[in-house]
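Order of appearance sets the numbers: ligands from 1, and atoms from 1 within every ligand.
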Amino acid sequence: MTSNASDTSTAAGILRQANAFCDAKALLTAVELGLFTTLREGAATEPEIRQRLELHGRGLPDWLNLLVGMGLLVREDGRYGNAPGADQYLVRGEPAYIGGFLERSNRNLYPAWGRLTEALRTGLPQAGSDFFTMIENPALLGQFVNMMDALTQVLAPRLIEAYDGWDAAGSVLDVGGCRGNLVCQIVKAHPHLHGHVFDLPQMAPFFEEKAAEHGLTGRTAFHGGDFFADPLPPADIVVCGHALHDWDRDQRRALVAKAYEAVNPGGVLLVYDRMLDDEPSHVENLVISLDMLLVTEGGSEYTVAELREHALAAGFATVEDRALGDYDTLVVCRKGGKAGR
Ligand SMILES: C[S@@+](CC[C@H](N)C(=O)[O-])C[C@H]1O[C@@H](n2cnc3c(N)ncnc32)[C@H](O)[C@@H]1O
């Protein structure tokens, strides 16, 4: 949706942009109904899809043809099948499935964006229930962790590639590491590392499930606590991804200082987030920053300059940044001192 830049010098282009939410909802509904998953079994006619998904039938051809027009389905001889991207990323149960993000987006972000006006007027989140209500509800938390898995599934290989200091380290800690999908992938790529995740205690059963799925039970450890109030376990590499943007500037500074304490001498803090340029124009990242307006009390994306300020104030000796994938920025903050390993 956000990258469909239309020609806004024309009325038609402006109307196209105003209707972009319709395309997004057509896709979110397709994931919700399991359309791409059912089409993995083979291309199907409209009546077959109607029957399989238990739909009424009215609007069905338009919806399917819209998805064809969006490049998510292909139509041949009256049968609809998955386009390659949809078949790779939107079939439930497949390793590359990113639908967890879309499922939660459909339930949480989509309605919240309908209340953007209220959010801008009041500065208050609009997602219906706050994070701490959500985290006490295992069903909602299950959706949330799937959403985070969808993001780390794509980012983990890029982070592993982008940072070249894994071999020199003995341990890695992911702060706000959710159920540990990122750490599991790092430890699988660099089996000599001891992996640790620090997150809220409610995440523990989801972590155990993920570690077992990766065959890493006992080789990765979960530490439950509140990263503002409790000490973090020490590690040579501390990762903090997509976590600082949940909080306001003062809280981000406090978390970076907390992370500094956890990094062993000579180690690094790796922060990745959808960071903003000094004069932000990156549409995708501005959208995520507004997501934070809608779903958190004080969160937003932030600039590399802000993070550098927090990191230097905390005591890090050097701070470098580089692109990570299409939208994220990786900031490498090095702590002085001699590495122990
Ligand atoms: C947006 S998610 C980021 C997950 C993952 N790092 C990623 O890259 O997608 C933020 C994580 O911070 C955790 N979190 C939020 N508040 C926390 C707190 N006070 N203490 C510890 N973890 C917390 C959440 O449970 C969640 O897993």
Side-chain angles (χ1 to χ4, degrees), residues 98 100-101 104-105 108-109 112 125 127 129-138 140-160 162-163 172-186 195-210 220 222-233 235 237-248 250-252 254-259 261-262 269-275 285 288-289 291-302 324-325 327-331:
I98 55 163
F101 181 86
R104 177 131 180 100
S105 189
N108 179 253
L109 295 176
S129 66
D130 66 15
F131 182 78
F132 290 96
T133 309
M134 185 273 294
I135 201 146
E136 296 303 343
N137 179 327
L140 293 179
L141 187 53
Q143 291 169 15
F144 175 79
V145 299
N146 286 338
M147 185 180 212
M148 295 305 122
D149 278 3
L151 297 176
T152 47
Q153 195 64 23
V154 176
L155 268 180
R158 293 173 176 170
L159 179 67
I160 291 165
Y163 179 63
V172 57
L173 163 73
D174 192 358
V175 179
C178 202
R179 69 188 309 198
N181 190 41
L182 183 85
V183 154
C184 283
Q185 295 197 49
I186 293 172
H196 301 264
V197 169
F198 187 96
D199 207 292
L200 294 166
Q202 292 87 336
M203 212 57 87
F206 294 94
F207 169 85
E208 297 305 338
E209 190 183 64
K210 180 57 67 178
T220 51
F222 182 81
H223 308 260
D226 172 352
F227 50 40
F228 289 112
D230 300 315
L232 301 175
I237 299 174
V238 174
V239 180
C240 186
H242 296 165
L244 295 179
H245 70 184
D246 288 341
W247 308 97
D248 66 29
D250 289 347
Q251 291 166 316
R252 290 195 286 268
L255 269 179
V256 172
K258 196 72 178 275
E261 297 304 324
L269 168 66
L270 305 180
V271 179
Y272 64 83
D273 234 322
R274 298 290 204 98
M275 292 177 209
N285 289 7
I288 301 291
S289 198
D291 282 347
M292 296 306 124
L293 164 73
L294 292 163
V295 304
T296 70
E297 294 291 332
S300 69
E301 295 301 338
Y302 49 90
L324 183 69
Y327 307 121
D328 283 85
T329 301
L330 171 66
V331 176

Suppose we measure from [atom] to each protein heavy atom; which comes out shortest, and what is that distance?
atom: atom 12 (O) of ligand 1; result: Gly176 CA, 3.6 Å
atom: atom 16 (N) of ligand 1; result: Trp247 CZ2, 3.5 Å
atom: atom 19 (N) of ligand 1; result: Asp226 OD1, 3.0 Å
atom: atom 1 (C) of ligand 1; result: His242 O, 2.9 Å
atom: atom 2 (S) of ligand 1; result: Met148 SD, 3.6 Å

> To the nearest 0.5 Å, how far apart are OH in Tyr302 and OG1 in Thr329?
Replying inline: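 Interatomic distance, Tyr302 OH to Thr329 OG1, rounded to 0.5 Å: 8.5 Å.
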> Rounded to the nearest 0.5 Å, how far apart are CG of Leu244 and CD of Gln251?
Replying inline: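 So the CG of Leu244 and the CD of Gln251 are separated by 10.5 Å.
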>> Looking at non-hydrogen atoms alone, which of Asp246, Asp199, Leu200 comes nearest to atom 25 (O) of ligand 1?
In response: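 Nearest heavy atom to atom 25 (O) of ligand 1 lies in Asp199.
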Which of the atoms in ligand 1, numbered in the order shown and given with their element, are less than 4.0 Å from a heavy-atom of [X]?
X: Tyr272; value: 7 (C), 8 (O)
X: Met203; value: 25 (O), 27 (O)
X: Gly241; value: 3 (C), 5 (C), 6 (N), 7 (C), 8 (O)
X: Gly225; value: 20 (N), 21 (C)
X: Thr152; value: 7 (C), 8 (O), 9 (O)

> What pairs of residues pass the salt bridge (charged side-chain N to carboxylate O under 4.0 Å, His left out) test when at least one of them lies in residues 196-206, not counting sequence neighbours?
Replying inline: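 Every pair satisfying salt bridge (charged side-chain N to carboxylate O under 4.0 Å, His left out) with a residue in residues 196-206: there are none.
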>> Once salt bridge (charged side-chain N to carboxylate O under 4.0 Å, His left out) is applied, what residue pairs with a partner in residues 146-158 remain, sequence neighbours excluded?
In response: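 Pairs touching residues 146-158 that pass the test: Asp149-Arg179, Asp149-Lys210.
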>> Show, in sequence, the C-alpha distance, side-chain angles and deciding distance for Gln153 and Asn181, and conclude whether the side chain to side chain contact (heavy atoms under 4.5 Å, CB included) test is met.
In response: CA-CA 7 Å; Gln153 195 64 23; Asn181 190 41; 3.1 Å; yes
> According to the interplanar angle, ranging from 0 to 90°, do the rings of Trp247 and Phe227 count as parallel (below 30°), tilted (30 to 60°) or perpendicular (above 60°)?
Replying inline: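 If you compare the ring of Trp247 with that of Phe227, the planes turn out perpendicular.
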> Is a side-chain N or O of Asp174 found less than 3.5 angstrom from the main chain of Val183, in a donor-acceptor match?
Replying inline: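 No; judged by distance alone, with no hydrogens or angles, the pair does not exist.
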> side chain to side chain contact (heavy atoms under 4.5 Å, CB included) between Val154 and Thr152: does it pass, once the steps are laid out?
Replying inline: CA-CA 5 Å; Val154 176; Thr152 47; over 6 Å; no
> Of all the heavy atoms in Ala229, does at least one lie under 4.0 Å from an atom in ligand 1?
Replying inline: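 No, Ala229 has no heavy atom closer than 4.0 Å to ligand 1.
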> Can an N or O of Phe227 be found at a distance shorter than 3.5 Å from an N or O of ligand 1?
Replying inline: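 N/O-N/O distance below 3.5 Å exists for this pair.
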>> Evaluate His245 for polar contact with ligand 1, using N/O atom pairs at a separation under 3.5 Å.
In response: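 For ligand 1, there is no N or O atom that lies under 3.5 Å from one belonging to His245.
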>> Would you say Asp328 and His242 are linked by a side-chain donor-acceptor pair, where the criterion is simply a distance under 3.5 Å?
In response: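 A pair is found: one side chain offers a donor N or O, the other an acceptor, under 3.5 Å apart.
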